[in-house]
Amino acid sequence: MIYLNGSFIPIEDARISVLDRGFIFGDGVYEVVPVYSRRLFRLTEHLHRLQDSLDGIRLRNPHSDIEWRGLLEQIIASNESDDQYLYLHITRGVAPRDHAFPGDAMPTVFIMSAPLLVSPKELLATGVSAITANDNRWLRCDIKATSLLPNVLLRQMAVDAGAVETLLLREGFLTEGSTSNIFVVKDKMLLAPPKSYLMLPGITYDVVLELAVAHDIPHEVREVSEYEIRTAQELLLTSSTKEIMPITRLDGKLVGSGKPGTIFTQLYQLYQNYKATVMRGNIVV
Ligand code: PMP
């Protein structure tokens, strides 16, 4: 079951106009919210980022946070898996084709759910491969925009190379991955690029930094150079659907020892513990 503009319907029955500005211009924003044991994970933070994205494209939020929660809970209840990821998508609605904003269009609101699959143990044990590429996206990567063509092309580069992610470099510095944030371990220090308009402010990125603070893992939020990535002991990727994963090969070369490192192992365990606490309902999220 999905939600589309006021109705809960089977996905097969969902229809939108070909004049929807999401279809014509990619004029919309989205969010992905993980659900564990039917509990929404970090909903407040996801809705806050959604508001920032909407503000970034000057589109009014069609729902209050309480309304969003109600809609999301109905979608969770009408889908099978206990662990799900919810995809929320808002466009500037249907209007005659013109780049300028329409005066009176109603935003299109779409929510769907898919099963949230944990990363296979083997992949966590070996780590994954990544490549690097020039970050050729626009200068508002902080907006979670549905117009993802550059990310699509950059991620396909990874797939074509037999890798799972493309690390993006802008003027010699790491921004993020094509679909994830990236952390670097260099000389026992966990490094994270600072939030700016050059990267998406990841919700998982925030969790990782909170865990680093809470558990005294030495860390710095600062620009990370290409040289530091290529000589790193560990590289980690984070996202709501992949959680934390070790990158053990970069452009065909081993990262550090070529095995998931100690900081990954520690953060992965802390993340699982944190999730378990949230799922037991001990933390209000
Ligand atoms: N950066 C990009 C470009 C992404 O698409 C994503 C999420 N898919 C992330 C970072 C990670 O964000 P989050 O942890 O909120 O999923």
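Note that the numbering runs from 1 along the sequence shown for the chain. Just so you know, ligand 1 is whichever comes first in the structure, and atom 1 is the first atom listed for that ligand.
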Student: Give a table of atom pairs where an N or O of ligand 1 lies under 3.5 Å from a protein N or O.
Tutor:
{"from": "ligand 1", "atom 1": "1 (N)", "to": "Glu176", "atom 2": "OE1", "distance (Å)": "2.6"}
{"from": "ligand 1", "atom 1": "8 (N)", "to": "Thr179", "atom 2": "O", "distance (Å)": "3.1"}
{"from": "ligand 1", "atom 1": "14 (O)", "to": "Ile203", "atom 2": "N", "distance (Å)": "3.4"}
{"from": "ligand 1", "atom 1": "14 (O)", "to": "Thr204", "atom 2": "N", "distance (Å)": "3.0"}
{"from": "ligand 1", "atom 1": "14 (O)", "to": "Thr204", "atom 2": "OG1", "distance (Å)": "2.5"}
{"from": "ligand 1", "atom 1": "15 (O)", "to": "Arg49", "atom 2": "NH1", "distance (Å)": "2.8"}
{"from": "ligand 1", "atom 1": "15 (O)", "to": "Arg49", "atom 2": "NH2", "distance (Å)": "3.1"}
{"from": "ligand 1", "atom 1": "15 (O)", "to": "Ile203", "atom 2": "N", "distance (Å)": "2.9"}
{"from": "ligand 1", "atom 1": "16 (O)", "to": "Ser240", "atom 2": "N", "distance (Å)": "2.8"}
{"from": "ligand 1", "atom 1": "16 (O)", "to": "Ser240", "atom 2": "OG", "distance (Å)": "2.8"}

Student: Are Asp82 and Arg39 close enough for a salt bridge, meaning some N to O gap below 4.0 Å?
Tutor: no
Student: Indicate, with yes or no, if the rings of Phe183 and Phe264 have centres closer together than 6.0 Å.
Tutor: no
Student: Please report the closest heavy-atom contact between Arg170 and Arg137, naming both atoms and the distance.
Tutor: NH2-O, 3.1 Å
Student: Quick one: is the NZ or CZ of Arg92 closer than 6.0 Å to the six-membered ring centre of Phe101, and within 45° of its axis?
Tutor: yes
Student: Give a yes or no on whether a salt bridge exists between Arg230 and Asp251, defined as a side-chain N under 4.0 angstrom from a carboxylate O.
Tutor: yes
Student: Return all side-chain donor-acceptor pairs below 3.5 angstrom for residues 147-162, not counting sequence neighbours, or 'none' if the list is empty.
Tutor:
{"from": "Ser147", "atom 1": "OG", "to": "Gly26", "atom 2": "O", "distance (Å)": "3.2"}
{"from": "Asn151", "atom 1": "ND2", "to": "Ser178", "atom 2": "O", "distance (Å)": "3.0"}
{"from": "Arg155", "atom 1": "NH1", "to": "Val164", "atom 2": "O", "distance (Å)": "3.0"}
{"from": "Gln156", "atom 1": "NE2", "to": "Asp160", "atom 2": "OD1", "distance (Å)": "2.8"}

